[in-house]
Participant: 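Before I ask anything, here is the structure I am working with.
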Amino acid sequence: MELQLSDEQKLILESAERFASEKYTFADRRSRVTRGETFNRDTWRQLADLGWFGIGVPEEAGGFGASTIENTLIAEALAKAQALEPYTMCAVLPARILAACPEVECAQAALAALIAGEQVFALAYSETISRGDPAAITTRASKTADGWAISGRKTLVVGGDVADQVLVTALDAETSALHLFLVDGSAKGISREGDKLVDWTSGLDLVFDGVQVTEGERLASGDDALAIIRAALDDAAVVLCAEAVGAIEGAIEVTAPYIKERHQYGVSLSSFQVLQHRMADMAMELVLARSAVMCALHALSNAEPVERSARVAGCKAYVTRIGKWATSQGIQLHGGYGITEEYSVGQYYKRLLVIDALLGRQDFQLGRYTEWMTAQLPAA
Amino acid sequence: MELQLSDEQKLILESAERFASEKYTFADRRSRVTRGETFNRDTWRQLADLGWFGIGVPEEAGGFGASTIENTLIAEALAKAQALEPYTMCAVLPARILAACPEVECAQAALAALIAGEQVFALAYSETISRGDPAAITTRASKTADGWAISGRKTLVVGGDVADQVLVTALDAETSALHLFLVDGSAKGISREGDKLVDWTSGLDLVFDGVQVTEGERLASGDDALAIIRAALDDAAVVLCAEAVGAIEGAIEVTAPYIKERHQYGVSLSSFQVLQHRMADMAMELVLARSAVMCALHALSNAEPVERSARVAGCKAYVTRIGKWATSQGIQLHGGYGITEEYSVGQYYKRLLVIDALLGRQDFQLGRYTEWMTAQLPAA
Amino acid sequence: MNFEPDYVDTQFREEVRAFLKAKLPAEMAARGRSGFLTGRDDALAWQKILAEKGWSVPHWPAEFGGPSWTARQRYIFDEECYLAGAPVTNIGGVGLVGPVIFTFGTAEQKARFLPGIRNGDTFWVQGFSEPGAGSDLASLRTSAVRDGDHYVVNGQKIWTSFGIFGDWNFLLVRTDPDAKKQAGISFLLLDIKSPGVTVRPLDSLEGSHHLAEVFYDNVRVPVENLVGEENKGWSYTKFLLFNERAFYGAEAPALKRYLQKIKHIASIERAGSEPLIKRPTFAARLAEMEIEVAAIDMTVSRVIAHGLDPRNGGDAVGSILKARGTELAQRLTDMLVEIVGDYGAYHYPDTNEEPDLRNDPFTGPDYAPGLMAELVYRRAASIYGGANEVQRNIVAKTLFGF
Amino acid sequence: MNFEPDYVDTQFREEVRAFLKAKLPAEMAARGRSGFLTGRDDALAWQKILAEKGWSVPHWPAEFGGPSWTARQRYIFDEECYLAGAPVTNIGGVGLVGPVIFTFGTAEQKARFLPGIRNGDTFWVQGFSEPGAGSDLASLRTSAVRDGDHYVVNGQKIWTSFGIFGDWNFLLVRTDPDAKKQAGISFLLLDIKSPGVTVRPLDSLEGSHHLAEVFYDNVRVPVENLVGEENKGWSYTKFLLFNERAFYGAEAPALKRYLQKIKHIASIERAGSEPLIKRPTFAARLAEMEIEVAAIDMTVSRVIAHGLDPRNGGDAVGSILKARGTELAQRLTDMLVEIVGDYGAYHYPDTNEEPDLRNDPFTGPDYAPGLMAELVYRRAASIYGGANEVQRNIVAKTLFGF
């Protein structure tokens, strides 16, 4: 165990911070938001060119080795810069799933296209009843002569508006086993409902109405499929938590100078002890949130699947809770300006609201941790 | 409905405040605590002489009419003065139970003795598994030739060290029905374990080992007994919450001048905004705690038993939570002196800890309210 | 003190309910129950309906069209309207400038402006805050210089709620630049269509534009639109702010509607096959908030019943209710967004600004649109009307003399 | 950064566990696991046992008897000792004055005092705070006036932890009354048995007396008991306080023991027939705290592994850990008292002060006595060592320059 960043990791972090702060200026973001652009393919390609999509993928699967730790460093920097492109949900997450299907031909081709940034991928696993549990779905896949027909509604599909290919889960209409398919984003029978998310990033419903896929596009089934998806969701959840850390840090870094400069009653806002302590608490949450992500990374490396998922859930429940609080206080300290689009602080808060919604919210994640924790206790 | 105190109620409050502040000086309390005196019979008699034991008892039962509202006013004043005598638990609570047994001869005699302050009464209903639920007990009553034999351990019996007579619950060894008995405090087979409570008030274990009672001392049984006890516990819980209000107010009133007088870094502690806001929040909790008690009083007057108990439980969960916080902050604002016996503020906090323990703690009370609340919802 | 049932109040409540059932249009109520803020059209239309019944200005004296209700009745009326989903009427007119005009205005001003407010013809918006004068309102700089029988107004206001809906604007201006802060401020009534007025909507975080900046470039306001005396505007403002805090601070009816809505949604929404309301941890959080709402509601009732007294927080109770009410509203709206799950993260357009969209079905359940707008609006609630930090300063000063 | 298992640490942990299993007396461990504070006898007896193994002064240099462990090993050692219920050794000696002596003391002082600390012969207590100088320590007034080869000490100290157990007292005195606050303070070592010293135990809320006032009435202290230079005592104190905060601030091992204890008790205690741990709301609260303890523990590990850096809170991390660790300890001890139900309200005498009582069975389960003492002790934790309000001032100043 080594808790300090290695020289390579420092380089990755620095280059991510540099790229993100140059690429994602607030003015540029505002103009993209105004014209409704959730996703820019050129930018996406640039992220790929930096090697960031393959970084957590094993070399034998066509990636560049390294681990989720490196993903978290990049995600943290992107979130701090308020990147609109969904690195965690459309690069890290589908790459994990595809890399876990080494036997499936189309998955390997897809992974190469993902790492190169040539195609955009989305995971359509969630439904209104899922609440972060990939097994809680109702979408059905029925056997056809040469493949499967998928019907159902998937919610909160990040990248769903632009994805070239979509990873979709469905229950076997006969056996109720879960299947994981790779579906062409422009396939007949897919419709899109909704627009975007509240933080102006990509996300909407994908409705599948008898969408045809071949048997070759079935990546995995049953317990295997669930294990693959859960492992990928755990990785992605930790990377999302790193985004939250970046957002908290960003909120602190825009708020501290703001309250220094801003005067009321003839003095700087930062001279009020209550506001000083508020920011001290925000800073404490930042330190602890980063430590919580490290606890979760530790679990990813060391724990069996059940414990791993529980600890990741615990991390997400905690980081989301304190992150929503810390970023909301960034708004409070900005006063009325905080709730406008003209200041960046509110975007951090909205990102936290979206992070909470993605991959299962606080109450459910805490519930998962609690269940595991109590199951560890010896019967009295 | 009238939310302002009537002239009579104002008189009661004022006389309670006057009596309490004269009788219960902090110096006198310290000396009683030092010599280990939890209960003073002379003082008890004085409280009785003021008419406070019969005040919430119906006239037809030998009381002075009025209602639990008047009990709360007295309890608030006594708690603010840090009275050691257990008015709520040894006067209000047993009086309610005895008054609810108008058919039982010994109960009527007992009630008269209670109201006159001639005898001291305690209720022994709680056991380690009760957590505020009077039905969750294991003490057993077995039928004998001319009565019953009671065996079991009762915990947190307030007044148990001094009671002349004890109200005891036990399950019928044969039918498991709950019985309520009136037992002589010096009966053979009763032993006492424990000393006192952490706020230096009365409370210990009563252990019953085949204690003999006559059939005439059985006050009620089965659902009747439970209904009587629950109603009395609800009344007493609201009065305890009024004690909490008195304690919060007391903690505020000793802390505000303390931080004004005390200087650090060359300025008055009260000039620090963080401490100002802390006291503002304590004051807010006081206002809301008093309102919560009024909500519970409203339920006592208007609600059916199930709702009544739920709302009282909700009040106790809430008032205890905010009361523990507010009084603990009184300690914090006193600095190191706060955790010594030489300053009064810590006694308020300890009283809140005891109030939380009496009649069922926060988590269980909130659970009771929650259960009732969700049961009210129409099935979706 | 006693808690015997009060049959007069019960009867009145039933009368209000019957009225709402008969007169509140279903579509309007559905919009009201959604989290979207009430738009100009609904606010004025509902005001007209109320005016026909004589109920449109509950706390105005009878001579100006008020119904002569008790404070308790007004509270019951507000609560029932909220719970039924009635639109929020134009607070700027009915709640704020109306009372200022009938208390401090000239006979001509009363005759000219009060009927339009009462009958839902004119929409009034407030012009108090400025970029450099938020919680520290008295440091405002917008100026009015006398020029013949006009004032010439120059400057800028910000955080003007519903600015884009406004017909008339009541605003504070500095008429004596040499006087100390609170002195030298006057209270003007200004027609928003006057030349030189520019209303610029602000982009709010969730995408709506209910807040605006208003710019004044040599705007000429007739002298007869000055309320009361020149340079005495601050005293009228204190009167108005007291009304604002006392009547709207805690927004207890809104808190109750949130509870109602959470229970409704949580009975429908599921995790797997389990309704959310059956989750013990979720239900316990909700229960805690319901108990606290009841305590706030009781506190408001205490103030209504017998004004300020030391046992209910004395002169600080307005600040107490404002701070605690808004903070509870934040927790409740957080929970609302949380329980709609995935749809809690979606952006929904504001149908008050784009009424054409009203007939388009949005994706997700019908209760999802608007919840996020409500949450963001409530984030502002701990800032507007005097930030909650300022309220706590007031409480500490009022109660403890710190 | 990587999280591969570290076999050296694992091996060390096993070595510590084996030692504890063999050498920690069962009764001592039972007292350690109870909430009662460690008494003098257990603290010194355990120190002797550790000294035999060469483990009694983990962070001292090898030349003074330290075991040359890494920071990580020291942390593992502390944690295992805590979880096993080992007594807390004499922090005043081992953790505080020892390092001051071996860093700033004379050769003679090192030879005279360090062995007694290392071997568990002398119990040291701190004399810093005064009635008028708590968090604002530098305003202290206790004076020492040079008289020949002695200092004559007059004044009063307060909040002296374990004052009634002390053999020796290290204290701050004012040696230059004209110098500004921090200047003019010296660091003395004082034999508590010296004539003129009076130790008055303070009544703590739960009935114990681990805190004391110490009065000095013309106490003569030989000049050779001055540490370092006269009037330079403040710099040694800063060194000491940094050690105190960095090593003891968060008390992560104690937090873990609380969790362990809560789980143990909540598996036994029942409401009706249901073990408390099965209550979803209770378990969720515990889970939240466990997650937070892990985050604090990881933060401590980060500091141990690579010192202060901006990503872990920089120079503010000591204050961050002190504030958050103590606040979490308060929530955990609240829960401990809560779960023992009725017995959580009982007064239990302190067996460290009245060892005769150790063999008397108290009423209630064996884990009940001492929990309330622990809770009250933890109430003081947000006050001592620089109140948490002061820690937050430090964080704001250090990180933001406010």
Side-chain angles (χ1 to χ4, degrees), chain A residues 1-6 9 67 69-70 73 252 255-257 259-260 268 270-273 275-281 283-295 297-302 311 314-315 317-319 321-322 363 366-367 369-374 376-380, chain D residues 1-6 9 72 259 263-264 266-270 275 277-278 280 282-288 290-292 294-307 309 311-314 316-317 319-321 323-324 388-389 391-402:
Chain A
M1 195 165 86
E2 168 55 57
L3 300 180
Q4 189 145 22
L5 295 181
S6 68
Q9 289 168 332
S67 77
I69 297 171
E70 284 70 22
L73 298 174
I252 290 173
T255 304
I259 67 165
K260 250 187 214 170
S268 162
S270 67
S271 67
F272 290 103
Q273 194 192 23
L275 306 191
Q276 293 173 357
H277 280 207
R278 196 80 51 81
M279 288 223 63
D281 273 310
M284 294 181 187
E285 301 299 12
L286 173 62
V287 170
L288 292 173
R290 198 172 260 133
S291 288
V293 169
M294 289 170 72
C295 292
L297 285 168
H298 184 277
L300 290 183
S301 292
N302 293 280
R311 292 202 181 271
C315 169
Y318 179 59
V319 170
R321 174 167 64 81
I322 65 182
D363 193 44
L366 184 63
Y369 183 89
T370 308
E371 209 170 293
W372 170 78
M373 179 190 78
T374 46
Q376 301 313 300
L377 297 176
Chain D
M1 189 187 294
N2 72 66
F3 297 94
E4 285 150 27
D6 198 325
D9 286 350
R72 178 93 204 141
L259 288 174
K263 288 178 181 175
H264 171 67
S267 310
I268 296 173
E269 288 281 336
R270 285 171 154 63
I277 196 71
K278 299 282 182 202
F282 169 80
R285 273 166 61 209
L286 180 59
E288 275 197 315
E290 181 167 279
I291 294 163
E292 204 170 327
I296 285 181
D297 192 43
M298 177 61 81
T299 308
V300 175
S301 295
R302 288 164 65 194
V303 175
I304 285 172
H306 49 99
D309 95 18
R311 278 174 72 85
N312 67 19
V317 72
S319 293
I320 292 173
L321 286 170
R324 298 302 293 264
N388 286 9
E389 288 83 359
Q391 304 300 340
R392 286 184 166 79
N393 288 346
I394 293 172
V395 173
K397 195 176 175 66
T398 309
L399 297 183
F400 306 116
F402 293 156

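Naming: A, B, ... by sequence-line order, numbering from 1 per chain. Nothing here was measured: the structure is a model prediction, and the numbers come from that model. In what follows, every heavy atom counts, from backbone to side chain, and hydrogens, waters and symmetry copies are set aside.
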Participant: Non-hydrogen atoms of chain D under 4.5 Å away: do they reach the side chain of A/Leu73, the backbone, both or neither?
Facilitator: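 A/Leu73 touches chain D through side-chain heavy atoms alone.
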
Participant: Check whether A/Ala256 gets within reach of chain D through its side chain, its backbone, both or neither, counting any heavy atom under 4.5 Å.
Facilitator: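 It is both, since atoms from each part get that close.
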
Participant: Which bit of D/Ile296 comes within less than 4.5 Å of chain A, counting heavy atoms only: side chain, backbone, both or neither?
Facilitator: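 Its backbone and side chain both get close to chain A.
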
Participant: Can you tell me which of D/Thr398, D/Ile277, D/Val317, D/Asp297 forms the most heavy-atom pairs within a distance under 4.5 Å of chain A?
Facilitator: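 Looking at each of D/Thr398, D/Ile277, D/Val317, D/Asp297 in turn, D/Ile277 comes out on top.
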
Participant: Under 4.0 Å between a side-chain nitrogen and a carboxylate oxygen: does that hold for A/Arg311 and D/Glu290?
Facilitator: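 The answer is no: the pair does not qualify as a salt bridge.
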
Participant: What part of A/Ile259 lies closer than 4.5 angstrom to a heavy atom of chain D: side chain, backbone, both or neither?
Facilitator: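 Only the side chain of A/Ile259 comes within 4.5 Å of chain D.
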
Participant: Show the nearest heavy-atom pair for residues A/Lys260 and D/Phe400, with the distance to one decimal.
Facilitator: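 Looks like NZ-O, 2.7 Å.
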
Participant: Closest heavy-atom contact between D/Ala287 and A/Tyr369?
Facilitator: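 Looks like CB-CD2, 3.6 Å.
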
Participant: Check each atom of A/Leu297 against the heavy atoms of chain D and say whether the ones under 4.5 Å are side chain, backbone, both or neither.
Facilitator: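 Both parts, backbone and side chain.
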
Participant: Check whether any side-chain N or O of D/Arg302 sits under 3.5 Å from a backbone N or O of A/Met294 as a donor-acceptor pair, and report yes or no.
Facilitator: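 Not at all, since once roles are kept as given, no pair shorter than 3.5 Å links the two residues.
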
Participant: Given that the side chain runs from C-beta out, which part of A/Gln276 has a heavy atom under 4.5 Å from chain D: side chain, backbone, both or neither?
Facilitator: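 When you check distances to chain D, atoms from both the backbone and side chain of A/Gln276 fall under 4.5 Å.
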
Participant: To check you understand the geometry: which heavy-atom pair defines the closest contact between D/Met1 and A/Ile69, and what is its length?
Facilitator: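 Smallest heavy-atom distance, with atoms named: O-CD1, 3.4 Å.
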
Participant: Begin with the C-alpha distance, continue with both residues' side-chain angles, and end with the deciding distance and a verdict on side chain to side chain contact (heavy atoms under 4.5 Å, CB included) for D/Glu288 and A/Arg321.
Facilitator: CA-CA 10 Å; D/Glu288 275 197 315; A/Arg321 174 167 64 81; 3.1 Å; yes

Participant: Stepwise, does the side chain to side chain contact (heavy atoms under 4.5 Å, CB included) test hold for A/Thr374 with D/Lys278?
Facilitator: CA-CA 8 Å; A/Thr374 46; D/Lys278 299 282 182 202; 5.9 Å; no

Participant: Pick one of side chain, backbone, both or neither for D/Arg324, based on which atoms fall under 4.5 Å of a heavy atom in chain A.
Facilitator: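 The answer is the side chain of D/Arg324.
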
Participant: Does any heavy atom of chain D fall under 4.5 Å from the side chain of A/Met373, the backbone, both, or neither of them?
Facilitator: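 Just the side chain, heavy atoms under 4.5 Å.
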
Participant: Could you list the residues that satisfy side-chain contact (heavy atoms from CB on, under 4.5 Å) with D/Ala284, not counting sequence neighbours?
Facilitator: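 Residues passing side-chain contact (heavy atoms from CB on, under 4.5 Å) with D/Ala284: A/Leu366, A/Thr370, C/Thr281.
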
Participant: Flag the one option from D/Ala396, D/Ala295, D/Ala305 with the top tally of heavy-atom pairs under 4.5 Å to chain A.
Facilitator: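 Answer, by heavy-atom pair count under 4.5 Å with chain A: D/Ala295.
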
Participant: With a 4.5 angstrom heavy-atom cut-off, could you sort out which part of D/Asp9 is near chain A: side chain, backbone, both or neither?
Facilitator: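 Contact with chain A involves no heavy atom of D/Asp9 at all.
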
Participant: Locate the shortest heavy-atom distance separating A/Tyr318 from D/Ile291; write the atom from each residue and the value.
Facilitator: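 In terms of heavy atoms, the two residues are closest at CB-CG2, 3.6 Å.
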
Participant: Select one option (side chain, backbone, both, neither) describing which atoms of A/Ser291 are under 4.5 Å from chain D's heavy atoms.
Facilitator: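 Both backbone and side chain.
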
Participant: Considering only heavy atoms, which portion of A/Gln273 lies under 4.5 Å from any heavy atom of chain D: side chain, backbone, both, or neither?
Facilitator: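 The side chain, not the backbone.
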
